[in-house]
Amino acid sequence: MRLPVRTRFGYALGSLSTGAFGTVPGLLLLPYLTDTLGVSASVAGLLVLLPKAWDVLFNPVAGRISDRTTGRLGPRRPYLIAGGIALAVTFAALFAGPDTGSATVDALYVAGVFLLCATAFAFFQVPYNALPAELTDDPAERTRLTAWRIAVLAVAILVCGAGAPAVRDAVGGIDGYRVMGVAVAVLIVVGAVGVFLGTARVPRARTLPSVSSWREVLAAIRDCRAFRWLLAAFVVQAAGIGVLLAGVDYLARVAIGDRSVQPLLFVAFVGPALLVMPAWQRVAARYGKRLGYVLATLVFAAGTLGLLGTRVLPVGAVIACAAVVGVGYAGIQVFPLAMLPDVISTEELRTGQVRAGLFAGVWTAGETLGLALGPALYGLVLALGGYVSSSAGEDVTQPAGAVTAVVLGIGLVPALFALAGLPLLRRTILEVRP
């Protein structure tokens, strides 16, 4: 049975919040640290990674809390609104530091507030990821629901990826980052309120017992081989996506030498997702989600490898490669997220226990870790290339090794991570055909 359009659209609006938080820190936090606060590239990469590594431990806890919550609003919706608003407040604070003039003090402030952001995001995204398994039992409808979600996610990434740097550059300096942080926080609030209201008529979760201890959590993950393989593939590829997002600003400024190209790269990267989503749905319906996932991975890898020619190709060709990346990116987002509810519901039927929040928590932890590893890895690549950090947004002439590192980091590394996910997509991964 098809879900009402109101429910589909309301659920999808939550991607405004997840897209904003998933895009902007990955895109601008590393440049903010290296080129505004004067933090070295290697240290900046660690500062981006460590607060999110906290989520690896905390997200499953948030899932268990959500699973065991009872009340008039159900187990998920209270956290959607409370977590979303907390995320918006802490995100605005992230880029509103005291500007003490000390790179160490300012960096510690960023790390501390980013930790609060990650905690708030866990309470929002874990229930958000758990909802599809409870909204419908129809695998085809889950694919449609996920496609709506990814379409709105593409809009969020497009708006934030192109708009956030534009706001930053229009205002300029550290004030530009502060204004940008507030603007993105508003978008996060819109997403949180939208999904809270849009899922007001969501049926209550089935009354099943939930796991109650860490031993049971680990046992649940161990016993579901399909979930382990699917999660592993998704996390490995999320790291590649994190590297790609971290490198866009550097690719425009350092390799191409034109800041104004950055919004064009993002439009090319995200725009195709809105156009090809129906095509990926048809692939899922005809050939299955797993095969579609493999094809999307190959397209993504081909596009990123094309970026290796940035220094010799015309700008238009580089943008075209980014568009190919976008086509693959749409698929490697929609297919695993559409397969996850199938895994959850089947495991709940097998065990007679609630698994939605638990698996969503572990899934979100893995995704967060993968996306956080991306900027850290990119920062390491920059450091190995001899990238020179600066303060107050000053442009510094980079050595040839740093320019090479910028290109290799965004072209080769994401492709390797994407392809590394393919051996993990075994046929043992559960797939319920629409």
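Position 1 is the first residue of the sequence; numbering continues from there.
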What closest approach, in Å, do Ala192 and Ser17 show between heavy atoms, and which atom pair accounts for it?
N-OG, 3.2 Å

From CA spacing to verdict: side-chain contact (heavy atoms from CB on, under 4.5 Å), Phe114, Thr119:
CA-CA 9 Å; Phe114 199 29; Thr119 304; over 6 Å; no

Working note: Asp249 + Tyr32, criterion side chain to side chain donor-acceptor pair (under 3.5 Å); need CA distance, chi angles, decisive distance, verdict.
CA-CA 11 Å; Asp249 184 80; Tyr32 175 62; over 6 Å; no

Where is the tightest heavy-atom contact between Leu307 and Gly411, given as atom of each residue plus distance?
CB-CA, 4.3 Å

Would you find a donor on one side and an acceptor on the other, under 3.5 Å apart, between the side chain of Thr90 and the backbone of Leu87?
yes

Return the CD1 to CD1 distance between Ile241 and Ile332, rounded to the nearest 0.5 Å.
4.0 Å

Are the side chains of Ile410 and Thr304 in contact, using a 4.5 Å heavy-atom criterion?
no

Heavy-atom check, side chain of Leu295 versus side chain of Phe335, under 4.5 Å:
no

Set out, in order, the CA-CA distance, both residues' side-chain angles and the distance that settles salt bridge (Lys or Arg N to Asp or Glu O under 4.0 Å) for Arg253 and Asp258, then state yes or no.
CA-CA 5 Å; Arg253 285 191 298 109; Asp258 186 354; over 6 Å; no

Report the relative orientation of the aromatic rings in Tyr250 and Tyr387; use parallel for angles under 30°, tilted for 30 to 60°, perpendicular for over 60°.
perpendicular

Go through the steps for Ile256 and Val315 under the test side-chain contact (heavy atoms from CB on, under 4.5 Å), then give the verdict.
CA-CA 8 Å; Ile256 298 176; Val315 174; 4.1 Å; yes

Contacts of Gln398 that satisfy side-chain hydrogen bond (donor to acceptor under 3.5 Å, both in side chains) - sequence neighbours left out
none

Whether Arg178 engages the ring of Phe95 as a cation-pi pair (distance to the six-membered ring centre under 6.0 angstrom, angle to the ring normal within 45°) should be assessed.
no

Below 4.5 Å, heavy atoms only, C-beta onward: do Leu231 and Leu340 meet side chain to side chain?
no

Would you please indicate if the ring centroids of Phe21 and Phe121 are separated by under 6.0 Å?
yes

Please lay out, stage by stage, how Leu377 and Phe417 fare under the test side-chain contact (heavy atoms from CB on, under 4.5 Å).
CA-CA 11 Å; Leu377 290 171; Phe417 274 93; 3.5 Å; yes

Derivation and outcome, side-chain contact (heavy atoms from CB on, under 4.5 Å), residues Trp363 and Leu230
CA-CA 9 Å; Trp363 182 273; Leu230 184 61; 3.8 Å; yes

Shortest non-hydrogen pair, Gly421 vs Ala233, comes out as O-CB, 3.8 Å

Can you confirm whether Val324 sits close enough to Val299 that some side-chain heavy atom of one is under 4.5 Å from a side-chain heavy atom of the other?
yes

Would Tyr11 and Tyr128 count as a close aromatic pair, with their ring centres under 6.0 Å?
yes

Where Val276 and Ala330 come nearest, the two heavy atoms and their spacing
CG2-CB, 3.9 Å

Donor-acceptor contact below 3.5 Å, side chain Trp280 vs main chain Val327:
yes

Which heavy atom in Cys160 sits nearest to a heavy atom in Val24, and how many Å separate them?
CB-CG2, 3.7 Å

Could you tell me whether the side chain of Met180 reaches within less than 4.5 Å of the side chain of Leu28, counting heavy atoms only?
yes

Using modelled atom types only, decide if a donor and an acceptor are shared between the side chain of Thr23 and the backbone of Ala20 within a distance under 3.5 Å.
no

Is there side-chain contact between Leu298 and Leu419, with at least one heavy-atom pair below 4.5 Å?
yes

Ignoring hydrogens and geometry, is there a side-chain-to-backbone donor-acceptor pair from Ser15 to Arg149 under 3.5 Å?
yes

Treating Arg168 as the side-chain partner and Gly176 as the backbone partner, does any N or O pair qualify as donor plus acceptor under 3.5 Å?
no

Check whether any side-chain heavy atom of Thr34 sits under 4.5 Å from a side-chain heavy atom of Val39, and report yes or no.
no

Show the nearest heavy-atom pair for residues Tyr378 and Gly247, with the distance to one decimal.
CZ-CA, 3.5 Å

Is Thr18 close to Phe124 at the side-chain level, that is, under 4.5 Å between some pair of heavy atoms?
yes

Please identify each residue that fulfils ring pair (Phe, Tyr, Trp, His ring centres under 6.0 Å) with Tyr293, with sequence neighbours left out.
none

